[in-house]
Amino acid sequence: MRIGLAGAGLACAVIARELAMQGHRVEVHERRDHVGGNCHTERDERSGVMLHRYGPHIFHTDDDDVWAYVNRFATFRPYVHRVKACVNGRVYSLPINLHTINQFAGDAMSPQQARAWVTQRSTLANEPPCSFEDQALRTVGHALYEAFFKGYTRKQWGIDPKLLPASVMARLPVRFNYNDNYFAHRHQGIPESGYTAMVARMLDHPRIGVQLGSQLGQADLGHFDHVFFSGPIDEFFGRELGMLPYRTLDFQRIDSDGDVQGCAVMNQCDEAVPFTRITEHAHFAPWETHRRSVCFREFSRAAGPQDTPYYPVHLVEGNSLLQRYQAMARDEPRVTFVGRLGTFRYLDMDMTIRHALNTAQAFQMRETVCAD
Ligand code: UDP
């Protein structure tokens with residue numbers, strides 16, 4: 001069978017690999033000049049630091065199979081993500097943990113006391129929580145919500161947190177101990193040679209062809225028996241119903257001759273600060289040493305048709321436009337929409353790989369049944 005894949009990010013790289021292993025001829029078309037999608041990494045010429053070109057990517061998962069899978073294509077170095085947050089001129093530990101609460105209250109509370117402190121300040125707005133704000137008020141209470149989440153979230157998503165679903169807030173743990181690991185998963189790490197090298201190894205197979213600077217769209221379907229599309233689902237249909245809402249990021253680079261902030265990510269939670277966070281990429285590779293450093297300020301805004309979409313925006317009230325595009329997608333039996341943009345879901349890397357593995361397996365089973 002001749003399979004076409006639009007995009008050379010994680011989703012398509014995994015599907016390409018799996019189907020090539022099953023004997024299919026696979027063509028990957030990537031419009032950018034590199035593979036790796038938004039987890040693309042490259043060495044910075046000036047500092048030698050490995051840059052996460054489209055923002056930081058930390059691999060974390062509880063899925064043993066996915067962890068084993070990525071370790072086949074890259075050497076992962078242990079990395080524990082510890083984020084700091086700047087609020088009103090002070091630096092705090094994130095995610096919200098006992099240290100954050102004690103820093104915020106200027107106290108030395110025990111876990112039990114901190115729980116009581118938060119409970120006194122929390123309100124059960126809606127039960128079960130449906131919005132980001134409901135979830136925040138329930139889990140961290142009013143004072144911490146105002147300080148750490150309200151302003152940051154308005155900057156990041158461009159809308160009131162009352163309109164965002166609770167699932168966005170639920171991404172972050174809240175802890176009544178001093179564990180400041182940003183993620184709660186058992187496996188966490190960063191590939192020593194970067195994500196692009198890992199994806200390039202996935203695609204390195206005699207039955208996989210990769211064309212960079214090449215876009216595969218609706219008009220090319222006739223060349224393939226099946227197409228996997230990892231671009232924006234609305235773009236596939238020429239945005240004929242209108243554009244789905246995405247957030248894009250602008251990065252402002254800051255070069256320095258030494259360590260700038262002492263950590264990989266410093267969130268800026270005050271709404272008056274126009275950017276959401278500063279990332280210092282040397283800290284994503286603590287096993288390397290560099291004399292020079294480079295940071296990026298991240299500015300979030302609504303994506304226009306020419307911008308790179310990063311985050312699909314979901315609302316509590318749902319999205320009828322998305323439903324209409326999904327209905328159109330169901331009428332395309334020879335196209336499967338995959339990845340964060342193809343499925344319009346806020347997928348982390350491990351979930352993207354899990355879905356890609358499942359998708360490839362389901363495709364193969366369907367083909368085997370049809371052949372029988
Ligand atoms: N968030 C926040 N303040 C912070 C960190 C996160 O309000 O200091 C909110 C924000 O709405 C963000 C969401 O929590 O989109 C999920 O955070 P996460 O770190 O998972 O975002 P990502 O790294 O995917 O941008």
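Counting starts at 1 for both ligands and their atoms, in listed order. Only heavy atoms go into these numbers, but all of them, side chains included; no hydrogens, no water, no symmetry mates.
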Trainee: For residues Asn177 and His99, determine if any side-chain heavy atom of one lies less than 4.5 Å from a side-chain heavy atom of the other.
Mentor: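 Of all side-chain heavy-atom pairs linking His99 with Asn177, none is under 4.5 Å.
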
Trainee: Run the side-chain donor-acceptor check on residues 295-305: report pairs under 3.5 Å with partners two or more places apart or on a different chain.
Mentor:
| from | atom 1 | to | atom 2 | distance (Å) |
| --- | --- | --- | --- | --- |
| Arg297 | NH1 | Gln252 | OE1 | 2.9 |
| Glu298 | OE1 | Arg277 | NE | 2.9 |
| Glu298 | OE1 | Arg277 | NH2 | 3.3 |
| Glu298 | OE2 | Arg277 | NE | 3.3 |
| Ser300 | OG | Gln156 | O | 2.7 |
| Ser300 | OG | Arg247 | NE | 3.2 |
| Ser300 | OG | Arg247 | NH2 | 3.4 |
| Arg301 | NE | Asp250 | OD2 | 2.7 |
| Arg301 | NH1 | Asp307 | OD2 | 2.9 |
| Arg301 | NH2 | Asp250 | OD1 | 3.3 |
| Arg301 | NH2 | Asp307 | OD1 | 3.2 |

Trainee: Any side-chain donor paired with an acceptor under 3.5 Å for His226 and Thr336?
Mentor: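 Note: His226 and Thr336 side chains meet the donor-acceptor criterion.
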
Trainee: Could you list each N/O atom of ligand 1 together with any protein N/O atom closer than 3.5 Å, one pair per line with the distance?
Mentor:
| from | atom 1 | to | atom 2 | distance (Å) |
| --- | --- | --- | --- | --- |
| ligand 1 | 3 (N) | Phe148 | O | 2.9 |
| ligand 1 | 7 (O) | Phe149 | O | 3.2 |
| ligand 1 | 7 (O) | Thr153 | OG1 | 2.8 |
| ligand 1 | 8 (O) | Asn267 | ND2 | 2.8 |
| ligand 1 | 11 (O) | Thr153 | OG1 | 2.8 |
| ligand 1 | 11 (O) | Trp157 | NE1 | 3.2 |
| ligand 1 | 15 (O) | Trp157 | NE1 | 2.9 |
| ligand 1 | 19 (O) | Tyr182 | OH | 2.5 |
| ligand 1 | 20 (O) | Arg171 | NE | 2.8 |
| ligand 1 | 20 (O) | Arg171 | NH2 | 3.2 |
| ligand 1 | 21 (O) | Tyr346 | OH | 3.3 |
| ligand 1 | 24 (O) | Arg171 | NH2 | 3.3 |
| ligand 1 | 24 (O) | Tyr346 | OH | 2.6 |
| ligand 1 | 25 (O) | Tyr311 | OH | 2.6 |

Trainee: Without placing hydrogens or testing angles, list every side-chain donor-acceptor pair under 3.5 Å for residues 348-357, not counting sequence neighbours.
Mentor:
| from | atom 1 | to | atom 2 | distance (Å) |
| --- | --- | --- | --- | --- |
| Asp348 | OD1 | Arg171 | NH1 | 3.3 |
| Asp348 | OD1 | Arg171 | NH2 | 3.1 |
| Asp350 | OD2 | Thr61 | OG1 | 2.9 |
| Thr352 | OG1 | Asp348 | O | 2.9 |
| Arg354 | NE | Asp63 | OD2 | 2.8 |
| Arg354 | NH1 | Asn358 | OD1 | 3.0 |
| Arg354 | NH2 | Asp63 | OD1 | 3.3 |
| Arg354 | NH2 | Asp63 | OD2 | 3.3 |
| His355 | ND1 | Met351 | O | 3.4 |

Trainee: If you look only at distance, which donor and acceptor atoms sit under 3.5 Å apart when one is on a side chain in residues 201-209 and the other is two or more places apart or in another chain?
Mentor:
| from | atom 1 | to | atom 2 | distance (Å) |
| --- | --- | --- | --- | --- |
| His205 | ND1 | Arg207 | N | 3.0 |
| Arg207 | NE | Ala20 | O | 2.9 |
| Arg207 | NH2 | Ala20 | O | 3.0 |

Trainee: Salt bridge check: are Arg292 and Asp255 linked by an N-O gap of less than 4.0 Å?
Mentor: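 Here Arg292 does not pair with Asp255 in a salt bridge, since their nearest N and O are not under 4.0 Å apart.
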
